[in-house]
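Take a look at the structure set out below.
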There are 2 protein chains.
Amino acid sequence: MLQLTKRTEYGMLALVHMLDRDGEYVSVREICERYPLPKRTVAEVLKDLARNGVVESQRGAGGGYTLARSPDEITLGHVVSALEGAPALTSCESALVLKNGGCEVQPSCPIRSPIHRVRERLWQMLEHTTLRSLVASGGHVPLHTAAASAPHAP
Amino acid sequence: MLQLTKRTEYGMLALVHMLDRDGEYVSVREICERYPLPKRTVAEVLKDLARNGVVESQRGAGGGYTLARSPDEITLGHVVSALEGAPALTSCESALVLKNGGCEVQPSCPIRSPIHRVRERLWQMLEHTTLRSLVASGGHVPLHTAAASAPHAP
DNA sequence: GCAATTAGCACAAATTAGATGCGCTTTGAG
DNA sequence: CTCAAAGCGCATCTAATTTGTGCTAATTGC
Ligand code: SF4
Ligand code: SF4
């Protein structure tokens with residue numbers, strides 16, 4: 001299906017929150033207090049992002065995750081790539097099919113190369129969608145502003 | 001996942017074959033003789049394409065399917081839309097989630113609107129990829145030429 | 001009449017994604 | 001030094017989605 005996974009969504013939300021908390025380490029708990037997401041799954045997602053160098057982790061009390069790079073350098077492409085693997089529009093581009101001997105049609109496939117080009121462009125779109133451009137273009141209200149109406153403020 | 005379904009692939013292959021057989025009715029059997037695809041599933045796919053007006057069907061002996069419109073008017077977008085439903089990058093755009101009460105995050109979602117724009121552009125890409133542009137830009141060898149036992153294009 | 005071929009609907013099998021269980025390691029606070 | 005907060009790793013279970021079949025009916029040309 002032509003749809004992002006929930007994991008990717010969780011990842012983006014987490015990253016946005018980290019951007020709000022500029023530079024500080026934020027815990028999974030904190031993220032899930034802000035957004036109603038399944039804690040454990042978000043934790044798995046963050047781990048994957050850490051493994052892929054999108055975020056940095058700090059263990060122990062007071063630890064958590066923080067952006068490993070500038071919000072201008074982190075792109076939707078990085079997140080998708082880290083959480084779903086490189087996008088492969090056709091089956092023959094996905095590693096899964098290759099293990100099963102590959103596609104039977106491939107030798108005479110008329111759509112393969114053209115669809116590769118489509119994927120190429122899609123990929124470029126994702127790579128050009130930076131984390132900053134996300135928050136900049138949306139109706140996003142930064143944390144402290146929102147927290148003004150919230151009961152607790154550290 | 002950011003990937004086209006096999007059904008979409010089957011559909012595109014079938015359409016390309018129909019384009020080759022310009023105007024004639026081609027049966028599912030014939031398509032599966034040309035490409036090694038699961039016959040019954042391809043049949044289901046073609047039925048869906050017919051319901052959505054992408055191809056025309058003719059029942060009975062000598063019947064089959066043929067393009068319902070010009071190859072310039074049939075797009076990847078049509079096929080995807082007919083076989084996978086309109087692409088919904090985020091969960092909140094998909095009808096499935098709406099039935100379950102929608103997304104909890106939505107009221108304060110910072111990524112919703114920006115990602116909608118990404119989907120918009122993706123959708124445009126698909127709509128601008130016509131069937132003709134597919135065969136025109138690939139290394140596709142039309143049917144009769146290939147049947148003339150030419151292992152390589154000149 | 002008969003064989004070829006699509007239509008319709010349901011269902012089982014396979015694959016993928018989502019969510020948890022559980023124990024271990026690290027680290028700052030007290 | 002102790003302890004609670006956090007992350008790490010891996011296995012596993014469940015739910016959702018996709019893919020492939022079964023079966024029967026309706027058409028159509030010869
Ligand atoms: S070779 Fe063609 S048919 Fe086979 S997976 Fe690739 S695109 Fe699809
Ligand atoms: S509202 Fe935000 S979090 Fe919820 S589904 Fe839409 S994009 Fe994802």
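In what follows, every chain begins at residue 1, and chains take the letters A, B, ... in the order their sequences are listed. Values in this document were obtained by computation on a predicted structure and should not be read as measured data.
- Contact check of residues 44-51 of chain A against DNA chain D (heavy atom, cut-off under 4.0 Å) returns A:Glu44, A:Lys47, A:Arg51.
- Atom-to-atom, CD of A:Glu9 to P of C:dA19 comes out at 11 Å; the value is rounded to the nearest Å.
- Sorted by first then second residue, the side-chain hydrogen bond (donor to acceptor under 3.5 Å, both in side chains) pairs that include residues 46-56 of chain B, not counting sequence neighbours, are B:Arg7-B:Asp48, B:Glu44-B:Lys47, B:Asp48-B:Arg51.
- Taken over five-pair windows at either terminus, the axes of the helix from C:dG1-D:dC30 to C:dG30-D:dC1 are inclined to one another by 10° (rounded to 10 degrees).
- Contact check, B:Tyr25 against D:dT28: no side-chain N or O comes under 4.0 Å of OP1 or OP2.
- Judged by distance alone, with hydrogens and angles left aside, the side-chain atoms of B:Glu104 form no donor-acceptor pair with the main-chain N or O of A:Leu37 at under 3.5 Å.
- Taking atom CD of residue B:Glu24 and atom C1' of nucleotide D:dG29, one finds them 16 Å apart after rounding to whole Å.
- Partners of A:Glu24 according to the salt bridge (Lys or Arg N to Asp or Glu O under 4.0 Å) rule, which considers only residues two or more places apart in sequence or in another chain, are A:Arg21.
- B:Arg29 is linked by a side chain to side chain donor-acceptor pair (under 3.5 Å) to B:Glu33, counting only residues two or more places apart in sequence or in another chain.
- Following rounding to the nearest Å, B:Asn52 (CG) and C:dT6 (P) show an atom-to-atom distance of 18 Å.
- Here A:Tyr10 reaches the OP1 or OP2 of C:dA19: one of its side-chain N or O atoms lies under 4.0 Å away.
- Summarising the geometry, the separation between CG on A:Leu4 and P on D:dT17 is reported as 15 Å, rounded to the nearest angstrom.
- For A:Tyr65, the listed nucleotide lying nearest its side chain is D:dG7; candidates were C:dT6, D:dG7, D:dT19.
- In the model, A:Thr8 has a side-chain atom that pairs as donor or acceptor with a side-chain atom of A:Thr5 under 3.5 Å.
- Protein atom CD1 of A:Ile31 is 12 Å distant from nucleotide atom C1' of D:dG7, rounded to whole Å.
- For B:Ser57, the side chain to side chain contact (heavy atoms under 4.5 Å, CB included) partners two or more places apart in sequence, or in a different chain, are B:Tyr65.
- At whole-Å resolution of the value, CZ in B:Arg29 and P in C:dA3 are 16 Å apart.
- Every residue two or more places apart in sequence or in another chain was checked for a side chain to side chain donor-acceptor pair (under 3.5 Å) with B:Thr129, and none qualifies.
- When the nucleotides D:dG20, D:dG7, C:dA19 are ranked by their closest atom to the side chain of A:Ser27, D:dG7 comes out on top.
- A search for side chain to side chain contact (heavy atoms under 4.5 Å, CB included) contacts involving B:Pro107 returns nothing, not counting sequence neighbours.
- At D:dC8, one or more side-chain N or O atoms of A:Ser57 fall inside 4.0 Å of OP1 or OP2 (strictly under the cut-off).
- A straight line from CD of A:Glu56 to P of D:dC8 spans 12 Å, rounded to a whole angstrom.
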Name every donor-acceptor pair, under 3.5 Å, that has one atom in a side chain of residues 118-126 of chain A and the other anywhere in the protein, sequence neighbours excluded.
{"from": "A:Arg119", "atom 1": "NH1", "to": "A:Glu93", "atom 2": "OE2", "distance (Å)": "2.0"}
{"from": "A:Trp123", "atom 1": "NE1", "to": "A:Glu127", "atom 2": "OE2", "distance (Å)": "3.4"}

Once base and sugar-phosphate atoms are separated, protein heavy atoms under 4.0 Å mark nucleotides 22-30 of chain C, 5' to 3', with B, S and - as B--BBBS--

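- Using a 4.0 Å heavy-atom cutoff across all strands shown, B:Thr5 reaches sugar-phosphate atoms only and no base atom.
- Checked against A:His140 for a side-chain contact (heavy atoms from CB on, under 4.5 Å), the options A:Val135, A:Leu134, A:Leu19 give a single hit: A:Val135.
- Nearest-nucleotide positions on DNA chain C place B:Val26 closer to the 5' end than the other of B:Val26 and A:Lys39.
- Checked against side chain to side chain contact (heavy atoms under 4.5 Å, CB included), A:Arg59 has no partners two or more places apart in sequence or in another chain.
- Not counting sequence neighbours, B:Arg69 has no partner by the side chain to side chain donor-acceptor pair (under 3.5 Å) test.
- We find that CZ of A:Arg7 is positioned 10 Å from P of C:dA19, with the value rounded to whole Å.
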